[in-house]
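For reference, the structure discussed in these notes is given below.
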Amino acid sequence: VMFYRLLSVARRQRTSPGWQNWSSMRSNMSTAEAQSIALPAQAQVVICGGGIMGTSVAYHLSKMGWTDIILLEQGRLAAGSTRFCAGILSTARHLTIEQKMADYSNKLYHQLEQETGIQTGYIRTGSIFLAQTQDRLISLKRINSSLNVTGIPSEIISPKKVAELYPLLNVHDLVGAMHVPEDAVVSSADVALALASAASQNGVQIYDRTTVLHIMVKKGQVTGVETDKGQIECQYFVNCAGQWAYELGLSNEEPVSIPLHACEHFYLLTRPLETPLQSNTPTIVDADGRIYIRNWQGGILSGGFEKNPKPIFTEGKNQLEIQNLQEDWDHFEPLLSSLLRRMPELETLEIMKLVNCPETFTPDMRCIMGESPVVQGYFVLAGMNSAGLSFGGGAGKYLAEWMVHGYPSENIWDLDLKRFGALQSSRTFLRHRVMEVMPLIYDLKVPRWDFQTGRQLRTSPLYDRLDAQGARWMEKHGFERPKYFVPPDKDLLALEQSKTFYKPDWFDIVEAEVKCCKEAVCVIDMSSFTKFEITSTGDQALEILQYLFSNDLDVPVGHIVHTGMLNEGGGYENDCSIARLNKRSFFMISPTDQQVHCWAWLKKHMPKDNNLLLEDVTWKYTALNLIGPRAVDVLSELSYAPMTPDHFPTLFCKEMSVGYANGIRVMSMTHTGEPGFMLYIPIEYALHVYNEVMNVGQKYGIRNAGYYALRSLRIEKFFAFWGQDLNTLTTPLECGRESWVKLEKGMDFIGREALLQQKQNGVYKRFTMFILDDHDTDLDLWPWWGEPIFRNGQYVGKTTSSAYSYTLERHVCLGFVHNFSEDSGEEQVVTADFINRGEYEIDIAGHRFQAKAKLYPVTSLFAHKRRKDDVELSDLHGK
Amino acid sequence: MEGPGRASARAWAPTALGCDSASWAGRMCVCPGPRRIGIPVRSSSLPLFSDAMPAPTQLFFPLIRNCELSRIYGTACYCHHKHLCCSSPYIPQNRLRYTPHPAYATFCRPKENWWQYTQGRRYASTPQKFYLTPPQVNSILKANEYSFKVPEFDGKNVSSILGFDSNQLPANAPIEDRRSAATCLQTRGMLLGVFDGHAGCACSQAVSERLFYYIAVSLLPHETLLEIENAVESGRALLPILQWHKHPNDYFSKEASKLYFNSLRTYWQELIDLNTGESTDIDVKEALINAFKRLDNDISLEAQVGDPNSFLNYLVLRVAFSGATACVAHVDGVDLHVANTGDSRAMLGVQEEDGSWSAVTLSNDHNAQNEREIERLKLEHPKNEAKSVVKQDRLLGLLMPFRAFGDVKFKWSIDLQKRVIESGPDQLNDNEYTKFIPPNYHTPPYLTAEPEVTYHRLRPQDKFLVLATDGLWETMHRQDVVRIVGEYLTGMHHQQPIAVGGYKVTLGQMHGLLTERRAKMSSVFEDQNAATHLIRHAVGNNEFGTVDHERLSKMLSLPEELARMYRDDITIIVVQFNSHVVGAYQNQE
């Protein structure tokens, strides 16, 4: 039916001037003549995919002045997922960046009809998100807080209010709901056609029934596109192939890994109700019931995200357009039950059809955009996790900015293609993972939730040893990392029961680990860190690193430098520690998920010089972090070498023997601000060194610890982590790291200009630590990240990470404070004075907690000394 | 009241032996299920057949008291009896009126219990309901289940068999069915078989232990036979011939092992001697026929020769005087041979292009329903026996299967039988059954173990093979069997997918329909084993073809004395084929 509407739209619009150009070409193309019409031989940009993504990118590029663009579609325009899309535009998203994209899309689609003259069926219906449980309501309240500070109106309403807004709903099982009045419904196919039409008016050439075979690449740079109708030379290629983006990526000689996978998705269309539903009837999302309901031609359209999804196209069967796949009523039964429970009066409503329209999902339920790490000029926008219509406008805009300016105007790291590597590209992995991701769309998202599928891909050699000792695992970039260790006598809740927004069941466990880090010594397996080695025959390595990194790396051999890898804007592309192994060799440690991004960045900026070698040695070393005051005792006993600060100052690196094993890189740092050492151990020695450390450590009270303890320690010490707190739009000056930047040394490095300017003008945001005052750890909701920060009642920013500090016995949140002008909302300079003179509150799911702001860590934490009177017998027990 | 029961009591007078149909039917009342051999057995002689077989049914003995037996009776008996070979349809209640003849009082002990129960039921004013819970039902159904998956080695040496599921549900106590599965180690291929014993389980037990060795040896090339013989001669370690895939309850008798080995060795020695030196391709069909005949011959010989060890002596006699049918499949790549003796059946599950299932029978039943078997028997015996050789659809009016292992009563001359029994142990002499000579016994042998061998070349659409004893086939149609297994294995109920089409369907109607369909499907997920799933259906299916828990619960809680009245032992092996491998074979050629 939608398809017919699409055709009729096309027919109706033929007469409009902007359309004519394109549609006449299209009608020519649709016959055998199509073969004879030659494609242009070259263009600046070739976009593959005529769905909402491809047309949106073309639209935005052409708006920004790039017009030498060809858009290719293998079937007809807007005939893939876009054609079948349920047409719901919803701004209630979990990530801020997603909210912004959806909000922009909403505004764009709203005025699109006016701009292009093409009817898009845009109707502002609003949407209501129902909560059947208190936990769901908390989740909605969190989103509500976030929406409000983003500028999207929304409110939490009572079940009674729901019934007023939507009398047909059964509200007896509801505890509350969220109303987002400006959400809309729209015909996605028409939106795509309108965007295409506007783009073609701006000069974009559109060819349908043209299949992209593969991309031509020379020296890691896109040079052209091979299609079934001939070649096109181009500088940029944009993969907007939707379900087929993965296959298209693999078709390259040097494959571009775009991890996404399709699942079947069903929705139901009915005939009109006896009193047909108004076209502005709100859209309902009943996540606990796993369904959405919107009005559709007087009847309803209702689909959902079931618990047992059906993955499809695993073998990469390519179809021109998504054919009508089989309806599977038995599969739809739980959703139908849910629908009838929500709207019992629909029992007598007549069915029109059940639509099966596959949707693509990604391994982490976030969409994929950005430039390929292996092929320059190869851009991707795909994997929308069934929110393509909501994101289409905004995502297209950010990608266009990225291509034109070199970077988007927002931090999109969460969506960046480079957060994945080839390791997420296995078909089996994707098939299994999306079966978990699709239900997750309507599952409750609680803090620190881990995926259950596609696990144990990358592990440390100590995995089994740690697992046997009760380790519970989380995964980062495919690598298993211990969260904490469950003591043998302790039982944790089952997986489902442990989901909570309140104090989690591992609280006491992590407390014991933190305490041990403070008072004795703990060992944390941190092998997942990305490790690169840069060596050269001469001074090339030092020269290039001095240019790429913001801190001075010309330090004596054996010293470790904390430094940022900045972009032109002075923002952090990476935050790392670099040890100078010798004059010509550097060892670089970066966050786990930097493996692909940092590699691509270095490759892109390093000169092609055979004397300069960059090597990824991540897999060669197991990393053990010995944290605590007794780490020094353990290590000196194992190495027969003096480890005291005189011999081994902090931020120092030395190759030495530990136990029988030689060549262990020992570094006096712990990534937490606590005393201790990182041991980088060649993997074949890992088990030996671990066993020795545990044996010797026994008498110092050693125990295993996990990343939760680490996080608590580093957050209470105000340590920012890249990927959580720092991103490409935050500079060292904004987080008090001026001393880590070689601004005064007269050396050029990327981002220097921007930093100098910032130093002169002042910063517009400031990384701040907040200590929650009136927060009851046992009874109140816990902060996570993304909570709005209020200064004197005014919204000033969001938190980026948080943890309970066992030392301060308070929750600590980290986040950036802005200074928005009260009149214009423009960003103004943030001074230390501005920070210090404010009264702060953190909004956790609608409840505001008072917080103390700090620009420097609490000093008493560094001088932790136990008073004599505090010693008790239990301190003599082994931990 | 004159019922068949009474008639049977009369009929047992020696003069009336084998006279009229009613008498045999009546005699059947003692064990009214389709006992395959119509000769009464004294219960005191039960130890004769009591190999160490676990009897899970004992558990249910006390449970039956509260059961609503009459309801089961009404439904279960009815559908059971349409498979019965008895000519006179008798009414259950009549059966209960049967007063046991004093001479068989001991024999009829089970029936007395039956009497009690029904009396109890009849006069109980408010019968309490008692059902097994679903977990209890499952633990009974799953007690004997076994699954084997063919291991894969990096995609090499891939077998055309993915694996098999097997299971059995006893009705007799102890169960008389046996099953075997083994991989041939010196030749390629896998052997799978079901064996249905009668007059005890001794013969089916022996066949289940021995037959595959005879087949494997028949398939071995001359050099391998020589190598094995030389190894035995010189006391070296032997080449293993079979890799068995056994459930813990599938036991092998230790005592007879030496005896059995010697017979087998004699066989291969003869094969070695017979070899003319030219290495010819071994024909699987021939090998199967030779193996069946040779084993039956050895069983017969061992009983005639006897054994100095009195236990073994008794054992070989029990084996020879009881009987067993056999249905054996040999799968090697795309070559599937089925050798069948008796009325077990091999059924191929074929998936049509539209996804539906159809059944292809790969064996012929050797019983009165098979015209060609009746013809064969008539041809093998003088014309004047034409009327007596098959009577009331039974061989000599007694035996249901027309081919079987053992059953020397139908093979040996009367002289030989008398001689062996007289010289045999006392237990044998005292046994009514062994002493009894079949009526109209003029030109033995009347019975053979020679199998009928069917060859089938596997195609990609051949998804699985069901081997099962008649306990399954008499309760379920082959088409249903194949459909249920097919849907189970593909994890999909090929319930016609619902399409709304042009019909006016409301959401409520659709919801009702879907809920009903889901209830149907839920039974699939209870089983991890295709054979178990099939048994669940065979025992629990109601008239709508869906598993009815109440019915299943009642059928499974019958006391062992009664179980046999409603169902036979059921043994099932479901072999799953690897369509990819089969397809690859096809493409190679």
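Letters go in sequence order (proteins before strands), and every chain restarts at 1. Hydrogens, waters and symmetry mates are skipped; everything else that's a heavy atom, side chains included, is used. Note that the structure is predicted; figures quoted are calculated from it, not measured.
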Heavy-atom closest pair, residues B:Met510 and A:Ile351
CB-CD1, 3.6 Å
At what distance, to the nearest 0.5 angstrom, does CD of B:Gln509 lie from CG of A:Leu349?
11.5 Å
Here the pair of heavy atoms bringing A:Leu340 nearest to B:His511 is CD1-CB, 3.5 Å
If you count heavy atoms of other groups shown closer than 6.0 angstrom to NZ of A:Lys307, is the number above 12?
no
Residues passing the salt bridge (Lys or Arg N to Asp or Glu O under 4.0 Å) test with A:Arg136, sequence neighbours excluded, are A:Asp288
Determine, step by step, whether A:Glu347 and B:Thr506 satisfy the side chain to side chain contact (heavy atoms under 4.5 Å, CB included) criterion, reporting the C-alpha distance in whole Å, the side-chain angles of both residues, the deciding distance to 0.1 Å, and the verdict.
CA-CA 6 Å; A:Glu347 283 251 347; B:Thr506 67; over 6 Å; no
For A:Glu274, does the CD atom sit with more than 12 other heavy atoms under 6.0 Å from it, leaving out its own atoms?
no
Whether over 12 other heavy atoms sit under 6.0 Å from A:Gln452 CD:
yes
A:Leu339, part contacting chain B, at a heavy-atom distance under 4.5 Å
side chain
